[in-house]
Amino acid sequence: MAAKTLFTRGDFIAILSRYDLGTYTHSQAVEQGTVQTTYFVHTKRGRFVFRYYENRPMGSVRFEADLLAYLADQHYPCPRQIKDKGGNVVGLYGGKPYAITEFIDGRPLQNPAAHHWRRLIQKAAELQTLSTGFHSPYTPYRWNYDSDLCRRLAHDRALRINTADAYAKFAWLERELANLDLPASLPKGICHCDFHFSNVLFQGDEFAALIDFDDANYTYL
């Protein structure tokens, strides 16, 4: 999918003036992704990833920034954020938030083998284990999949589908949710929620990074 917002050379020169990343040379829009706008931005000092949040409020983006900072401290393989000259990792341009991260050398596998899946499962479990100690004041800006949220999401989906089968499935789900007991003591942590192959990078057979935490949330493990 093409970028939803087109950025010109002048746009990137203006944005990069806030950073110490060297002189802008060129950029290219990333076709993967369906929601946010992403560019590979090249400067004389290297290649970086520019993410422009088309539909996320600032609080939601700051949650992601806090999460990436926490995971970096835990040495988890994910993108490292680039700070601007003022020490900020989230900026505002054209009325919407953006962030710049390092470029990770790796590639997604459209047909992963069994050992690739094992590595991904291991890293997904590691993410949940590490994130039990994560805290951010911006957590309320992301979903927690409790009964009320699941009921609301299912209801909205049934209305959009608008068939007898959809309403019957919603009625079943609503009955099942009413039987759930989710005490506050249940452990919570980070779930990535978007393990699409394009968000998992490998270098050969080695797991290189998990990227795109746009749907990640702090919820029941």
Side-chain angles (χ1 to χ4, degrees), residues 1-110 127 136-138 141-142 190 192-203 207-217:
M1 178 178 180
K4 290 188 174 182
T5 300
L6 298 180
F7 285 82
T8 66
R9 177 183 182 87
D11 290 326
F12 281 124
I13 289 175
I15 291 169
L16 290 174
S17 68
R18 307 171 185 177
Y19 296 81
D20 290 316
L21 295 178
T23 304
Y24 171 84
T25 58
H26 63 285
S27 61
Q28 60 194 97
V30 178
E31 294 185 358
Q32 290 89 352
T34 59
V35 180
Q36 316 304 349
T37 291
T38 304
Y39 278 82
F40 291 143
V41 177
H42 300 253
T43 75
K44 291 186 176 180
R45 287 182 50 186
R47 188 186 339 182
F48 305 91
V49 180
F50 172 83
R51 167 65 67 87
Y52 192 65
Y53 293 87
E54 301 283 0
N55 67 346
R56 289 286 190 188
M58 180 61 78
S60 177
V61 178
R62 291 197 183 281
F63 170 89
E64 187 173 333
D66 286 351
L67 174 59
L68 289 177
Y70 176 84
L71 293 178
D73 289 342
Q74 303 296 319
H75 306 291
Y76 187 83
C78 64
R80 276 15 179 203
Q81 301 172 105
I82 306 296
K83 294 182 179 180
D84 65 17
K85 295 175 182 177
N88 305 300
V89 293
V90 178
L92 198 65
Y93 193 79
K96 294 181 181 179
Y98 73 87
I100 299 177
T101 61
E102 66 176 359
F103 175 82
I104 299 175
D105 188 15
R107 65 184 183 89
L109 303 177
Q110 295 199 29
L127 172 64
S136 170
Y138 302 102
Y141 286 89
R142 294 288 177 103
I190 293 296
H192 182 272
C193 294
D194 191 12
F195 287 112
H196 189 269
F197 72 84
S198 62
N199 294 331
V200 184
L201 302 183
F202 281 87
Q203 294 176 354
F207 188 97
L210 179 63
I211 63 173
D212 194 352
F213 286 77
D214 187 44
D215 286 329
N217 54 69

Determine whether R18 and Y93 satisfy the following criterion, side chain to side chain contact (heavy atoms under 4.5 Å, CB included), listing intermediate values before the conclusion.
CA-CA 11 Å; R18 307 171 185 177; Y93 193 79; 3.7 Å; yes
Member of L201, V49, V200, D194 meeting the side chain to side chain contact (heavy atoms under 4.5 Å, CB included) criterion with I211:
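So, applying the side chain to side chain contact (heavy atoms under 4.5 Å, CB included) to I211 and each of L201, V49, V200, D194, only L201 qualifies.
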Among H196, Q36, R51, the one residue meeting side chain to side chain contact (heavy atoms under 4.5 Å, CB included) with D212
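Between D212 and the candidates, side chain to side chain contact (heavy atoms under 4.5 Å, CB included) is satisfied uniquely by R51.
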Tell me, yes or no, whether the heavy-atom count around [X] atom [atom1], taken from other residues, nucleotides or ligands under 6.0 Å, exceeds 12.
{"X": "R80", "atom1": "CZ", "result": "yes"}
{"X": "F195", "atom1": "CZ", "result": "yes"}
{"X": "K85", "atom1": "NZ", "result": "yes"}

So, for [X] and [Y], which heavy atoms are closest and what is the spacing to 0.1 Å?
{"X": "P97", "Y": "L92", "result": "N-CD1, 3.6 Å"}
{"X": "L210", "Y": "P79", "result": "O-CD, 3.4 Å"}
{"X": "F213", "Y": "C78", "result": "CE1-CB, 3.9 Å"}

Do Q81 and T101 have side-chain atoms, one donor and one acceptor, less than 3.5 Å apart?
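No.
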At what distance, to the nearest 0.5 angstrom, does [atom1] of [X] lie from [atom2] of [Y]?
{"X": "F48", "Y": "I100", "atom1": "CZ", "atom2": "CD1", "value": "8.5 Å"}
{"X": "R47", "Y": "T25", "atom1": "CZ", "atom2": "OG1", "value": "10.5 Å"}
{"X": "C193", "Y": "D214", "atom1": "SG", "atom2": "CG", "value": "11.0 Å"}
{"X": "I15", "Y": "L21", "atom1": "CD1", "atom2": "CG", "value": "11.5 Å"}
{"X": "E54", "Y": "T5", "atom1": "CD", "atom2": "OG1", "value": "3.5 Å"}
{"X": "T38", "Y": "Q28", "atom1": "OG1", "atom2": "CD", "value": "12.0 Å"}

State plainly whether the residues K83 and D20 are in salt-bridge range, i.e. N to O under 4.0 Å.
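Salt bridge absent between K83 and D20.
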Side-chain ion pair, E64 and R142, N-O less than 4.0 Å:
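A salt bridge links E64 with R142.
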So, for F202 and F207, is the gap between ring centers shorter than 6.0 Å?
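Yes.
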Is the gap between the ring centers of F7 and Y52 under 6.0 Å?
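So the answer is yes for these two rings.
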Run the side chain to side chain contact (heavy atoms under 4.5 Å, CB included) check on L16 and T43 step by step: do they pass?
CA-CA 9 Å; L16 290 174; T43 75; 3.9 Å; yes
Under the side chain to side chain contact (heavy atoms under 4.5 Å, CB included) rule, what do F40 and S27 come out as? Steps first, then yes or no, please.
CA-CA 5 Å; F40 291 143; S27 61; over 6 Å; no
Is N88 reaching over with its side chain to a backbone N or O of V90, donor-acceptor style, under 3.5 angstrom?
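Judged by distance alone, no pair lies under 3.5 Å.
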Donor-acceptor pair, distance only, cut-off 3.5 Å: does the side chain of S60 make one with the backbone of P57?
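Not a single qualifying donor-acceptor pair exists.
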Donor-acceptor pairs are to be reported for all side-chain atoms of residues 66-76 against protein atoms at under 3.5 Å, with residues two or more places apart or in another chain.
unit_1, atom_1, unit_2, atom_2, d
D66, OD2, S136, OG, 2.8
Y70, OH, L130, O, 2.6
Y76, OH, K123, O, 2.9

Apply ring-ring contact (aromatic ring centres under 6.0 Å, His included) to F12 and F50, showing your working.
CA-CA 10 Å; F12 281 124; F50 172 83; 5.3 Å; yes
Under the side chain to side chain contact (heavy atoms under 4.5 Å, CB included) criterion, do V35 and N55 qualify, and how do the steps go?
CA-CA 8 Å; V35 180; N55 67 346; 3.3 Å; yes
